[in-house]
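Just so it is clear: chains get the letters A, B, ... in the order the sequence lines come, proteins before strands, and each one is counted from 1. In this text, all values refer to a predicted model and were calculated from it rather than measured experimentally.
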Number of protein chains: 2
Amino acid sequence: MTPILTDLSIVEVAAFIAAPLGGLTLSQLGADVIRIDPIGGNIDFTRWPLNDEGHSIYWAGLNKGKRSVALDLRSPEGQEIAAAICTRAGEGRGIVTTNLPARGWMAYEALAARRDDLVMVTLIGNPDGSGALDYTVNCASGFPDVTGPGGAPVNHVLPAWDVAAGLTISTAVLAAERYRSRTGKGQKVTLSLADVMHATVSNLGFTMEVEANGTVRQPIGNDLYGAYGRDFPTRDGRRVMIVAISNRQFRAVGEATGLAEKLAMIGALMDVDLSDEGGRFAARHAISAVLEPWVAARTLAEIREAFEGTGVLWGPYQDFGQLFAEDRWHSEANPMFGRAEHHGIGSLRTPGTPLAFGAVPRGEPGASPRLGSSTEEVLVEDLGLPSTEIARLKDKGVVSL
Amino acid sequence: MTPILTDLSIVEVAAFIAAPLGGLTLSQLGADVIRIDPIGGNIDFTRWPLNDEGHSIYWAGLNKGKRSVALDLRSPEGQEIAAAICTRAGEGRGIVTTNLPARGWMAYEALAARRDDLVMVTLIGNPDGSGALDYTVNCASGFPDVTGPGGAPVNHVLPAWDVAAGLTISTAVLAAERYRSRTGKGQKVTLSLADVMHATVSNLGFTMEVEANGTVRQPIGNDLYGAYGRDFPTRDGRRVMIVAISNRQFRAVGEATGLAEKLAMIGALMDVDLSDEGGRFAARHAISAVLEPWVAARTLAEIREAFEGTGVLWGPYQDFGQLFAEDRWHSEANPMFGRAEHHGIGSLRTPGTPLAFGAVPRGEPGASPRLGSSTEEVLVEDLGLPSTEIARLKDKGVVSL
């Protein structure tokens with residue numbers, strides 16, 4: 001972990017992607033993140049993909065570097081311990097994140113009664129508190145309707161709204177902690193997954209366009225909207241994406257392919273101004289017709305060599321296997337990656353934060369813990385419980401060590 | 001804006017999506033964000049969509065609530081003013097974000113020579129500094145290969161990597177400012193768009209699965225992986241997504257549709273354990289076969305009524321027009337939205353931050369500025385220039401007011 005968020009400790013009572021990703025982000029920046037789970041794991045503990053032994057690779061990826069505490073959260077004693085961990089005294093403590101129903105012991109009011117400057121960031125589904133998840137928010141976002149060639153909506157596979165919500169949570173924690181350090185005041189912070197989508201769709205102009213122009217964006221397949229960009233098959237059965245937003249980038253395509261003269265003819269051919277990105281968008285099929293045979297006559301390796309160092313914006317399509325095997329940035333050649341030993345799964349190539357801070361070194365990437373592996377440590381060091389009490393709690397099934 | 005990030009001022013020298021979205025996020029949380037552009041606008045100033053008068057709706061959406069300063073950034077005098085704005089004295093100042101080449105006057109070293117505790121967050125394309133943008137990063141991510149029914153890769157339309165990078169920038173600014181307030185030390189923070197993708201793909205388990213299991217995820221159309229979820233056409237030509245991850249959610253589907261008995265038969269029919277999410281994934285085609293006629297016999301309105309308050313996780317598909325017109329959360333009925341007057345475009349439904357902070361009220365959403373509309377204010381109030389000097393700079397074409 002990168003030690004930039006020193007003396008900051010977050011307690012996470014969460015499942016699935018968004019809130020755990022928020023905690024992961026803070027953990028990778030050096031915050032202490034204690035994840036509290038029920039004994040046996042929360043509802044995401046066996047989420048697919050699993051390895052041969054039934055350990056969840058999904059859970060491992062999202063909980064790296066966290067301290068795992070397992071408690072019987074249905075018992076009053078387990079709830080008391082959880083609440084005590086959430087509300088420990090100390091300047092960088094008393095911060096809770098959750099995407100579970102914050103009721104009972106975990107209600108903001110109940111925890112704030114124990115520590116009045118508590119910061120609690122709660123992710124809900126819809127703004128009215130009703131349930132929603134990435135896939136039910138995404139269908140409503142408008143994007144599936146313009147993804148692919150059209151005809152039927154296409155779901156995304158990257159849970160982009162969960163990712164955005166997770167990073168909004170890490171921003172929220174730091175904003176609320178900054179406010180507390182200046183005013184002494186804690187607070188409840190609420191975020192709905194649906195609102196992350198609604199705000200983003202508008203911020204990116206998609207519904208502003210509906211209101212301002214009365215137009216609704218239509219599907220255009222793999223073409224880039226409003227500028228030039230498309231995918232092309234290569235001679236060796238691969239595929240590349242080529243993009244040019246600026247004039248400089250468009251010139252680079254012409255120079256690197258040797259097709260500058262042909263491309264220049266398209267302005268007159270199609271009656272567009274090729275020095276304008278909108279003109280290139282209007283003439284995109286003609287531009288693609290010129291580029292297509294050039295790409296089709298070359299292998300991916302040849303294209304890479306032709307584009308290297310030219311300023312052409314391009315990329316190869318890769319499946320997850322090719323990404324893992326072929327992409328030098330998805331390997332330990334990239335300082336963001338190291339290896340970490342994940343409980344029940346083994347040693348894997350593992351990323352830390354994508355942020356490189358000049359003032360502190362990148363540490364080793366975090367490893368995924370065994371469920372409950374930090375229970376004893378937290379009870380002793382954070383709550384100051386004596387070993388006899390811990391033994392009693394263990395015998396009674398209130399804690400799992 | 002929500003006044004939570006008080007006494008924080010960011011200078012943004014940026015274009016397109018990621019860095020402007022990072023600044024927008026901080027602005028919506030109450031930070032002062034000064035965006036410096038060349039006179040006439042940066043390369044994103046006429047990015048599509050445009051309105052009838054040629055104003056960019058895209059630019060407006062991403063620069064709401066910012067103070068716009070326009071300078072001749074090629075002239076030494078313009079560069080001197082820009083550098084002075086970036087390095088103004090004051091505790092919450094001296095923070096710069098950019099996704100442009102940070103050379104010359106804008107190099108970290110040059111700015112840090114004027115203010116040694118400068119924080120500068122720089123977004124680059126690839127880790128080696130070569131160019132990349134969302135669409136050339138996305139093709140390499142593995143996701144286009146598993147989006148849609150398979151056969152050919154499908155590009156996303158939501159620039160998800162830009163969105164994730166933007167929110168990583170807002171997190172980075174707050175982390176580095178926290179570090180500075182505790183240690184007195186500024187720093188350069190570097191982030192590559194490609195690394196945001198590589199980290200996320202691994203964090204979500206997609207390449208961990210390749211290494212741990214030797215398996216590469218394959219396209220499954222609009223089905224949800226590892227649990228139950230799919231889209232269905234309705235009687236009135238609409239479409240809905242229905243999801244059940246947990247047992248409780250799956251029971252809710254059976255109860256709300258009256259199909260619980262039929263669904264229960266699928267366990268024996270398909271030899272799977274329906275109380276396990278993996279079992280439901282294995283039997284998903286049989287589950288869908290039971291649900292499909294139920295959905296096909298009903299209109300979207302009837303389905304909404306049948307699911308309301310039942311705990312079923314579902315959502316309607318909407319194009320951007322339907323999202324704007326039909327979704328109550330994408331309207332002023334949602335406290336996140338208000339109306340704001342955007343320069344050159346007009347009054348539009350506009351979101352603030354999706355975060356609701358208990359300690360402070362939500363303010364009005366930010367409006368998009370006229371290019372250069374805050375130049376004079378910043379020169380007078382932030383740099384203390386006399387009006388004679390400002391008139392001279394204007395006459396010489398160094399500033400645009």
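Only the side chain of B:Asp145 comes within less than 4.5 Å of a heavy atom in chain A; its backbone stays farther off. Neither the backbone nor the side chain of B:Lys185 comes within contact range of chain A, judged by heavy atoms closer than 4.5 Å. At a 4.5 Å heavy-atom cutoff, the contact between A:Val163 and chain B is made by side-chain atoms alone. Using a 4.5 Å cut-off between heavy atoms, B:Leu224 contacts chain A through its side chain alone, with no backbone atom that close. Proximity to chain B is limited to the backbone of A:Ser347, based on heavy atoms less than 4.5 angstrom apart. Looking at A:Trp314, only its backbone comes within 4.5 Å of chain B, counting heavy atoms on both sides. The part of A:Ile345 that comes within reach of chain B is its side chain, from C-beta onward, which places non-hydrogen atoms under 4.5 angstrom from that chain. Only the side chain of A:Val210 comes within contact range of chain B, judged by heavy atoms closer than 4.5 Å. Heavy-atom distances place both the backbone and the side chain of A:Val189 under 4.5 Å from chain B. Looking at B:Asn334, only its side chain comes within 4.5 Å of chain A, counting heavy atoms on both sides. Only the side chain of A:Arg239 comes within contact range of chain B, judged by heavy atoms closer than 4.5 Å. With a 4.5 Å cut-off on non-hydrogen atoms, B:Gln28 touches chain A through its side chain but not through its backbone. Only the side chain of B:Glu177 has a heavy atom closer than 4.5 Å to any heavy atom of chain A. Heavy-atom distances place the side chain of B:Trp161, and not its backbone, under 4.5 Å from chain A. Only the side chain of A:Ile17 comes within contact range of chain B, judged by heavy atoms closer than 4.5 Å. Neither the backbone nor the side chain of B:Asp162 comes within contact range of chain A; no heavy atoms are under 4.5 Å apart.
Note: B:Met241 CE to A:Leu133 CG = 8.5 Å, rounded to the nearest 0.5 Å. One distance of note links CD1 of A:Ile245 with CG of B:Asp44; it measures 10.5 Å at 0.5 Å rounding. Separation of atoms CD1 (A:Ile242) and OG1 (B:Thr136) is listed at 11.0 Å; rounding is to 0.5 Å. Residue B:Leu174 holds its CG atom at 11.0 Å from CG of A:Leu29, rounded to the nearest 0.5 Å. Residue B:Thr171 holds its OG1 atom at 7.0 Å from CG of A:Leu26, rounded to the nearest 0.5 Å.
Residues A:Trp48 and B:Glu277 approach most closely at N-OE1, 4.3 Å, considering heavy atoms. The minimum heavy-atom distance linking A:Arg47 with B:Tyr225 is given by the pair NH2-O, 3.2 Å. Nearest approach of A:His198 to B:Trp329, heavy atoms of both residues: NE2-CB, 3.4 Å. Of all heavy-atom pairs spanning A:Asn203 and B:Pro351, the tightest one is OD1-CG, 3.6 Å. Minimum heavy-atom separation, A:Ile57 to B:Ala212: CD1-CB, 3.9 Å. Taking both residues in full, the closest heavy atoms of B:Ala199 and A:Pro354 are given as CB-CD, 4.3 Å, listed atom of the first, atom of the second, then distance.
Ranked by heavy-atom pairs under 4.5 Å with chain B, the first of A:Asp327, A:Ile43, A:Ile169 is A:Asp327. Taking B:Val312, B:Thr215, B:Leu191 one by one and counting their heavy-atom pairs under 4.5 Å with chain A, the maximum is reached by B:Leu191. By number of non-hydrogen pairs under 4.5 angstrom with chain B, the leading residue of A:Gly166, A:Gly315, A:Ala140 is A:Ala140. Taking chain B as the reference chain and counting heavy-atom pairs below 4.5 Å, the highest number among A:Val173, A:Thr168, A:Val240, A:Asp276 is found for A:Thr168. When each of B:Ala160, B:Ala227, B:Ser202, B:Gly205 is checked for heavy-atom pairs under 4.5 Å with chain A, B:Ser202 comes out on top. Of the listed residues (B:Gly131, B:Gly125, B:Gly278, B:Gly346), the one with the most heavy-atom contacts under 4.5 Å to chain A is B:Gly278. If you tally non-hydrogen atom pairs under 4.5 Å between each of A:Ala31, A:Gly148, A:Pro316, A:Pro159 and chain B, the highest count goes to A:Pro316. Top candidate by heavy-atom pairs under 4.5 Å with chain B, chosen from A:Asn138, A:Val121, A:Asn51, is A:Asn51. Counting heavy-atom pairs closer than 4.5 Å to chain A, the top residue among B:Ala325, B:Ser56, B:Pro49, B:Ser246 is B:Pro49. Each of B:Ala176, B:Ala194, B:Pro144, B:Ser141 has some count of heavy-atom pairs under 4.5 Å with chain A, and the biggest count is that of B:Ser141. For the options B:Tyr108, B:Tyr317, B:Phe206, B:Tyr135, heavy-atom pairs under 4.5 Å to chain A are most numerous at B:Tyr317.
Using bins of under 30°, 30° to 60° and over 60° for the plane-to-plane angle, the ring pair B:Phe320/A:Phe143 lands in the perpendicular bin.
Side-chain N or O atoms of B:Arg178 include one that pairs as donor or acceptor with a backbone N or O of A:Thr6 at under 3.5 Å. A:Asn222 places a side-chain N or O within 3.5 Å of a backbone atom of B:Pro153 that can act as its donor or acceptor partner.
With a 4.5 Å cut-off on side-chain heavy atoms, A:His156 and B:His156 do not count as touching. Considering only heavy atoms from C-beta on, A:Gln187 comes within 4.5 Å of B:Ile4 through its side chain. Using a 4.5 Å heavy-atom threshold, the side chains of B:His342 and A:Met208 count as touching. In this structure the side chain of A:Leu158 reaches within 4.5 angstrom of the side chain of B:Thr200, judged on heavy atoms. Looking at heavy atoms from C-beta onward, A:Glu209 lies out of side-chain contact with B:Tyr58 at the 4.5 angstrom threshold. Residues B:Asp319 and A:Val146 form no side-chain contact, since every pair of their non-hydrogen atoms from C-beta on lies 4.5 Å or further apart.
For the residue pair A:Asn155 / B:Asp231, no side-chain donor-acceptor distance below 3.5 Å is found, with atom types taken as modelled. No hydrogens or angles considered: nothing links the side chains of A:Asn213 and B:Asp52 as a donor-acceptor pair under 3.5 Å. Side-chain polar atoms of A:Thr207 and B:His330 form a donor-acceptor pair below 3.5 angstrom.
Between A:Arg328 and B:Asp128, at least one side-chain nitrogen of the basic residue sits less than 4.0 Å from a carboxylate oxygen of the acidic one, meeting the salt-bridge criterion.
Heavy atoms of other residues, nucleotides or ligands lying less than 6.0 angstrom from CZ of B:Arg182 number more than 12.
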